[in-house]
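These notes concern the structure reproduced below.
We count ligands from 1, going down the list as the structure has it; atoms in each ligand are counted the same way.
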Amino acid sequence: MTTSNETGWNFDNSYARLSQTFFSKVKPNPVPSPEMVILNEPLAKSLGLNIDALTSEAGIEVLSGCKVPKEAEPLAQAYAGHQFGHFNMLGDGRAMLIGEQITPEDKRVDIQLKGSGRTPFSRGGDGRAALGPMLREFIISEAMYALGIPTTRSLAVVTTGEAIIRETELPGAILTRVADSHIRVGTFQFAANWRPVEELKSLADYTIQRHYPEIRDAENPYLGLLQNVIQRQAALIAKWQLTGFIHGVMNTDNMAISGETIDYGPCAFMDKYDLATVFSSIDREGRYAYGNQSYIGGWNLARFAETLLPLLHENEEEAVNIAQDAISEYNKIYQNHWLEGMRAKLGFFNEEEQDEALFTSLLKMMQKSGADYTNTFRSLTLGKLEETSIFDDQEFANWHGQWQERLGRQKESKEAVNELMRKSNPSVIPRNHRVEEALSAAVNKGDYSVMKKLLAALKDPYAYTIEQEEYCKLPGPSGMPYRTFCGT
Ligand code: AMP
Ligand code: MG
């Protein structure tokens, strides 16, 4: 019999040493018959975990929340959040942090079970999760990682053997999520609203120590924290825009202080370029539409800044000025990241004043004609212009001429341009119809081969291999717009 220690768990639970008001200790919630359906072996190895032990009965008992490994201290984190603009008290209603794993490379990461049962923060929820959405998070978060976009990771999905009740009965499952931490803007909102300022300060000090230790001794470390989070979120959201990723539920409790993408409920990648794209069934006003993400990022960061006011300066007016100055930088920082990304997508090594106009005129043509976002850049990369839907257009011909002239004004060779474009334009993304096909085979037929093949194609989205070509194809015509759901 394997013991949990043979698995390689190496916990040091610093969050559990914060004031007890930041979390609630939770007990494991046994499930009838846990079975592992997918394991991320490369990730497991990088965490220092032994694959055989992890897939043994004892290993699976841990990943299904049935048993607590030695030195784990399961807890549910308290947090609050603006959900679609409305402030709520939330917390891990269906997640349990089992501990912080110290990896062989001395990195600290949270190991969290999602769907592991009710916690004191569950409110009306059952604390459980369905298999389809957990597999979906596995696919999309791993695709994001391969695309080079900061993200929480997925270690494993286990089925519970329990049916959960949604609109119909669905198989229950638990996802093991790995994150630099689960500290969110909402964690600070919880502290700022409901805890004394000393506890807010202890959370801020803890966060600085954990994520931004280099600013510990700065003159105003809390301003440093705000500026660093602004930097990371601006960089992150620019990456989402550049790859056509729509998060779908950018509530403040879903914005991680580490700068990782977190919460893969209603997210999806856009096919046709359209700023108004929304997939989430509950986002009727388009608050979290593709074209709104950078604005919402700024809105959320302003909420973060508000929580830090008592720490930024003892004089409130001064504190507000400091916060406003920092927040006012966000748009510029975001725009610079986006421009830098677009330059790479079009093969530019240097900067020219007119670059932005060149980008916007291409995007305008794409918006007008409903061109596929990923494949337009893929066609430009491959020089297969006839594959773009805007190819026949005179306006595109003019644009193409300007682009070629612009490339001619830099000293880099054609080969270098091509290499940069290949590194910056993925040929495969987890297209919705492909993800659905994989989930349907897994959930309805217990056939995981479709998902594994998809995961293999997504592993190196910049490889441009023959095997990947079938994943570049667009979905056939469908009468129904694609819809995604929260908290499923
Ligand atoms: P999310 O939409 O995943 O960001 O969740 C928003 C809030 O609802 C968080 O506090 C979650 O922990 C909680 N929540 C979501 N789904 C469930 C569930 N099935 N049971 C209990 N709490 C849930
Ligand atoms: Mg969430």
Answer yes or no: does an N/O atom from [X] fall short of 3.5 Å to an N/O atom of ligand 1?
X: Asp92; value: no
X: Phe121; value: no
X: Gly91; value: yes
X: Leu90; value: no
X: Asp263; value: yes

Exercise: identify the closest heavy-atom pair between Pro430 and Phe269: CG-CE1, 3.5 Å
Which of the numbered atoms in ligand 1 are under 4.0 angstrom from any heavy atom belonging to [X]?
X: Asp253; result: 4 (O)
X: Gly125; result: 20 (N), 21 (C)
X: Tyr79; result: 9 (C), 10 (O), 12 (O)

Min heavy-atom dist Arg166 to ligand 1 below 4.0 Å: yes
Arg118 heavy atom under 4.0 Å from ligand 1: no
Within the 3.5 Å criterion, strictly below it, is a donor on [X] or [Y] matched to an acceptor on the partner's side chain?
X: Asp205; Y: Tyr222; value: yes
X: Ser294; Y: Gln241; value: no
X: Ser14; Y: Glu100; value: yes

Aromatic ring pairing Tyr482/Phe279, orientation class (parallel under 30°, perpendicular over 60°, tilted between): perpendicular
Geometric class of the Phe87/Trp194 ring pair [parallel <30°, tilted 30-60°, perpendicular >60°]: parallel
Number of protein N/O/S atoms that sit closer than 2.8 Å to the Mg ion (ligand 2): 2
Could you tell me whether [X] and [Y] make a salt bridge, using a distance below 4.0 angstrom between a side-chain N and a carboxylate O?
X: Asp12; Y: Arg17; answer: yes
X: Asp372; Y: Arg431; answer: yes
X: Lys332; Y: Glu329; answer: yes

Which option wins on minimum heavy-atom distance to [atom]: [options]?
atom: atom 7 (C) of ligand 1; options: Met89, Gln77, Arg123; answer: Arg123
atom: atom 14 (N) of ligand 1; options: Arg94, Lys114, Gln83; answer: Arg94
atom: atom 21 (C) of ligand 1; options: Gly93, Ala80, Cys486; answer: Gly93

Thr151/Tyr264 under side-chain hydrogen bond (donor to acceptor under 3.5 Å, both in side chains): CA gap, chis, key distance, verdict: CA-CA 10 Å; Thr151 178; Tyr264 285 92; 2.5 Å; yes
Main-chain N/O of Arg177 paired to Ser154 side chain as donor or acceptor, under 3.5 Å: no
Ligand 1 contact on Asn254 by region, counting heavy-atom pairs under 4.0 Å: side chain
Region of Arg128 that comes within reach of ligand 1 [heavy atoms, distance under 4.0 Å]: backbone
Asp180: which of Arg210, Arg108, Lys107 passes salt bridge (Lys or Arg N to Asp or Glu O under 4.0 Å): Lys107
Pair up each side-chain donor or acceptor in residues 20-39 with any protein partner under 3.5 Å, not counting sequence neighbours, and list the distances.
from  : atom 1 : to     : atom 2 : distance (Å)
Thr21 : OG1    : Ser19  : OG     : 2.7
Thr21 : OG1    : Arg195 : NE     : 3.4
Thr21 : OG1    : Glu199 : OE1    : 2.6

